[in-house]
Amino acid sequence: MKAIYFGCIGIVVALITAFFTVDFTYLYKITGAAALLCVALAGLTSGAFVSGQQYGRNIHSETKQTRQERYGMMLFSLKAAVPNICSAILFYLLIA
């Protein structure tokens, strides 16, 4: 649940920014950027952007505990991205 709440912070920031600047396109721009940032972080921590040989070496050289920590960080990032992705799509459909 902490990850979902953390993801909702991006939505709150987008709402505050949009109301102060009176430019409601910031709603889907900020939430979309937050979603992309979370997904990119999840990709980096999961090892999705390395080749097979590099990934195999990383798996071989790390301990089970560090692998679980890395996996936990990846899941946290993906869960934080979900509210931002949903709100970015919703705001885009409502505004654009």
Side-chain angles (χ1 to χ4, degrees):
M1 268 326 257
K2 291 179 186 178
I4 301 293
Y5 294 139
F6 185 74
C8 291
I9 291 173
I11 298 169
V12 172
V13 169
L15 287 169
I16 291 170
T17 304
F19 284 118
F20 280 128
T21 61
V22 192
D23 185 8
F24 293 101
T25 61
Y26 281 126
L27 288 173
Y28 62 85
K29 290 179 182 178
I30 292 175
T31 55
L36 284 175
L37 181 69
C38 288
V39 170
L41 182 62
L44 285 173
T45 55
S46 72
F49 302 127
V50 297
S51 69
Q53 291 178 349
Q54 290 174 334
Y55 185 72
R57 285 188 216 126
N58 290 343
I59 293 294
H60 181 68
S61 65
E62 69 184 359
T63 64
K64 186 175 183 178
Q65 180 183 359
T66 57
R67 189 176 311 128
Q68 288 175 345
E69 290 172 0
R70 190 173 48 84
Y71 184 72
M73 184 186 295
M74 179 198 62
L75 283 179
F76 185 88
S77 298
L78 286 177
K79 288 178 186 177
V82 170
N84 286 306
I85 291 170
C86 294
S87 63
I89 292 170
L90 179 70
F91 290 145
Y92 182 77
L93 292 174
L94 290 175
I95 294 170

### Task
Report whether Phe91 and Val13 are members of the same hydrophobic cluster (ILVMFWY, side-chain heavy atoms less than 4.5 Å apart, transitive linking).
no
### Message
Looking at Met74, I'd like to know if its CE atom is crowded, meaning that more than 12 non-hydrogen atoms belonging to other residues, nucleotides or ligands lie closer than 6.0 Å.
### Response
yes
#### Entry: Heavy-atom pair of closest approach, residues Ile95 and Phe24
CD1-O, 3.0 Å
### Message
Test question: given the 4.5 Å side-chain rule for I, L, V, M, F, W and Y, name all other residues clustered with Ile85, or answer none.
### Response
Val39, Ile89, Leu93
### Task
Hydrophobic side-chain clustering at under 4.5 Å (ILVMFWY, transitive links): who's grouped with Ile4? Put none if nobody.
none
### Message
Side chains of Leu78 and Val82, heavy atoms from C-beta outward: is any pair under 4.5 Å?
### Response
no
### Query
Should side-chain heavy atoms under 4.5 Å link Ile, Leu, Val, Met, Phe, Trp and Tyr, which residues sit in the same cluster as Leu36?
none
### Reported OH-to-CD1 distance for the pair Tyr26 and Ile16, which is rounded to 0.5 angstrom
15.0 Å
### Query
Counting heavy atoms not belonging to Phe6, are there more than 12 under 6.0 Å from its CZ?
no
### Query
Hey, is CZ on Phe49 packed in by over 12 heavy atoms from elsewhere, all under 6.0 Å?
yes
### Straight-line distance of Lys29 NZ to Asp23 CG, nearest 0.5 Å
6.0 Å
## Note on the structure
Smallest heavy-atom separation, Ile30 atom then Gly10 atom, equals CG2-O, 4.1 Å
